[in-house]
Amino acid sequence: AIADAGASPFDTVPIDAASALAEGVPDAALAQPTQDRRSKPSAVNNAHLRAAEQAFRDKNLLKQLAEANAALKDMPRSQRAAYLVGDALDKSGDKVRACTFFRRSSAKHYRARGCGN
């Protein structure tokens, strides 16, 4: 609906909502469902993690680092992605930064790689 020149912008109601309100449909029924942020990771994120795993098996450090970092960006709580980033950094000689990612992955990996000594 188009508002009159003297009407407030809050006076305008979309046609669908106005007809629903006229029929007595409660406001909760009009709300659009939202995506739960705690839902399972998307297939794209899993693809990054799978690609990082494959690069790990192929001993391709740059691809492992890039894919694991992309997976970690999308899934910040992924312990496996954090481990793969740390592993690539450690193998490339950056042990200080690697230890921060090993700490995020698990205490076991953190100690096993000699971090925190």
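To the nearest 0.5 Å, atoms CG (L72) and CG (L84) are separated by 9.5 Å. Taken from SG in C99 to OH in Y110, the straight-line distance is 6.0 Å, to the nearest 0.5 Å. The line from CD of E67 to CZ of R50 is 10.5 Å long, rounded to the nearest 0.5 Å. Between K73 atom NZ and N69 atom CG the span is 8.5 Å, to the nearest 0.5 Å. Of the inter-residue distances, the one linking L65 atom CG with N60 atom CG reads 10.5 Å to the nearest 0.5 angstrom.
Under the side chain to side chain donor-acceptor pair (under 3.5 Å) criterion, the residue pairs touching residues 87-98 are Q64-D87, D87-K91, D87-R113, D90-R113, with sequence neighbours excluded.
Looking at every heavy atom in both residues, A81 comes nearest to A71 through CB-CB, 4.2 Å. Closest non-hydrogen pair, Q79 versus R104, comes out as CG-O, 4.0 Å.
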- Task: Could you check E53 against R80 for side-chain contact (heavy atoms from CB on, under 4.5 Å), going step by step and ending with a plain yes or no?
- Result: CA-CA 9 Å; E53 292 282 357; R80 185 61 185 164; 2.6 Å; yes

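Paired with S106 under the rule side-chain hydrogen bond (donor to acceptor under 3.5 Å, both in side chains), one option of R103, H109, K108 passes, and it is H109.
The hydrophobic cluster containing F56 also contains M75, counting ILVMFWY residues as joined when their side-chain heavy atoms lie under 4.5 angstrom apart, directly or transitively.
Atom CZ of R57 is surrounded by more than 12 heavy atoms from other residues, nucleotides or ligands within 6.0 Å.
Aromatic rings from F102 and Y83 are positioned such that their centres are separated by under 6.0 Å.
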